[in-house]
Colleague: 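Here it is, the structure in full.
One-based numbering, in listed order, for ligands and for the atoms of each.
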Amino acid sequence: MEPACGLLARYREWMDLPPHTRDQLTLCEGNTPLIPVPRLAERLGGGFDLYVKYEGLNPTGSFKDRGLVAAVAEAWGRGAQAVICASTGNTAASAAAYAARAGLKAVVVVPQGKVALGKLAGALAYHARVVQVQGSFDHALDLVRQAVERHPIALVNSINPYRLEGQQTAAFEIVDALGRAPDWLAIPVGNAGNITAYWMGFTRYHRAKNTGLPRLLGVQAQGAAPLVLGHPVEKPETVATAIRIGNPARGQEALQAARESGGRIIAVPDAAILEAQSWLAEEGIWVEPASAAGLAGLAAEIRQGRLDPQGKTIVVVCTGHGLKDPDIVLQHADALPTIEPKLAHLEPYLTADR
Ligand code: F0G
């Protein structure tokens, strides 16, 4: 019996995928929670409904599973033996998992020294061939594009249209949960596939069911903000390594989506990203730094009076789990107290504030 879980079971009719797509591919991805965070809304001034779409709860810990289930199912149905991608880490882990599930090989090309631990370990655990490039994600993507011109290996970066077909399902889920589109959607932007996919999903649903359209607030990190600056960034730098990208492949589409929606793409400093990560953790939601960029951007826009949230419904997309990047938390933590196993030594810590 085929499992009736996962995105291809739930949303196949809304996805424009070729007939040869192997619809049975699934790790029961998607169906992630839309968590109400009223205290966080109060922190930002209150008077509106705020939700977190917690994409870290996908099988490999990030939203990438939505796109990779579709792209790998298509490649598998087409008879591909192997898939390849460039990645800042999450795509790598996800491609590796879905390739493994389909019985295909995965080659993942990542920037040396700039991939968070949980992602690198994930890709290795799922048996991918992991190759590090001396350069950034942009160099890795360039290399992968060259590779697929010469070799029979399926490219599963978000320039592959089926990635977007899968990733748009997050927009469907949000509309299905709320009964209509939110007023604003705040979302991190790196290679710019995800914001493009969300817009595709919202517009597709709206055309069919009149469910409304959100304004999109795309958020880049200040040190890696080509879409805000209007030109590629040679050496992108940010603590949010997932979105450390200087020349996004879907940049123009992302800008167009933001514009069409009546929204925009902005940049926030690393300190604001880490602060937003900490706010989310106070709600019990641990995300990796890049995933907090959407919230950081929303907070900045509200504080600076550029976004009036009053009476609105706002969704913040948190793209990946905190377990992906444990180092960042440990780096910023105080030294941990170590004691002899005696109650008297523990007692000072029972009442003291952290
Ligand atoms: N958040 C996380 C956790 C990501 O891993 C990424 C992208 C993004 C946001 C941005 O999404 O690229 O569609 O604009 N990660 C890619 C990767 C680049 O290789 O895993 P985007």
Colleague: So is there a nitrogen or oxygen of Gly190 less than 3.5 Å from a nitrogen or oxygen in ligand 1?
Modeller: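 Indeed, backbone or side chain, Gly190 has an N or O that close.
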
Colleague: List ligand 1 atoms under 4.0 Å from Glu288, heavy atoms only on the residue side.
Modeller: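 Per the distance check, 3 (C).
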
Colleague: For the 3.5 Å polar cut-off, considering only N or O atoms, please tell me whether Ser291 and ligand 1 meet it.
Modeller: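 No, there is no polar N/O contact under 3.5 Å.
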
Colleague: May I ask you to list the atoms of ligand 1 that are less than 4.0 angstrom from any heavy atom of Asn90?
Modeller: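 Heavy-atom distances to Asn90 below 4.0 Å select 2 (C), 3 (C), 4 (C), 5 (O), 20 (O).
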
Colleague: Between Ala290 and ligand 1, does any nitrogen or oxygen pair lie at a separation below 3.5 Å?
Modeller: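 Min N/O separation from ligand 1 is not below 3.5 Å for Ala290.
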
Colleague: Is there a path from Trp199 to Val175 through hydrophobic residues (I, L, V, M, F, W, Y) whose side chains come within less than 4.5 Å of each other?
Modeller: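 Linked within one cluster.
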
Colleague: Check ligand 1 against Asn194 and write out every atom of the ligand that is under 4.0 Å from a heavy-atom position of the residue.
Modeller: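 Listed by number with element, the hits are 13 (O), 21 (P).
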
Colleague: What do you reckon, does Ala192 put a non-hydrogen atom under 4.0 Å from ligand 1?
Modeller: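 Heavy atoms of Ala192 do come under 4.0 Å of ligand 1.
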
Colleague: Could Arg39 and Glu42 be called an ion pair, given the rule that one side-chain N must be under 4.0 Å from one carboxylate O?
Modeller: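 Salt bridge: no.
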
Colleague: Linking Ile, Leu, Val, Met, Phe, Trp and Tyr through side-chain heavy atoms less than 4.5 Å apart, which residues share a cluster with Leu164?
Modeller: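 Hydrophobic cluster check, Leu164: joined to Met200.
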
Colleague: Below 4.0 Å, non-hydrogen atoms only: which portion of Gln167 touches ligand 1? Side chain, backbone, both or neither.
Modeller: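 Neither; nothing of Gln167 gets under 4.0 Å from ligand 1.
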
Colleague: Quick check, are the ring centers of Trp76 and Tyr98 under 6.0 angstrom apart?
Modeller: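 No, the ring centres sit 6.0 Å or more apart.
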
Colleague: In sequence, state the C-alpha distance, the side-chain angles, and the governing distance for Arg145 and Glu149, and then conclude on salt bridge (charged side-chain N to carboxylate O under 4.0 Å, His left out).
Modeller: CA-CA 7 Å; Arg145 285 191 204 247; Glu149 275 180 22; over 6 Å; no

Colleague: Looking at Arg264 and Glu301, is any side-chain nitrogen of the basic one under 4.0 Å from a carboxylate oxygen of the acidic one?
Modeller: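 Between Arg264 and Glu301 there is a salt bridge, with a charged N closer than 4.0 Å to a carboxylate O.
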
Colleague: Heavy-atom distances under 4.0 Å are what count here, so tell me which part of Ile243 touches ligand 1: side chain, backbone, both or neither.
Modeller: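 Side chain only.
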
Colleague: Which atoms of ligand 1 sit under 4.0 Å from any heavy atom of Ile245?
Modeller: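 In order of number, 18 (C).
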
Colleague: Which ligand 1 atoms are under 4.0 Å away from a heavy-atom of Thr319?
Modeller: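 Answer for ligand 1: 1 (N), 2 (C), 3 (C), 9 (C).
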
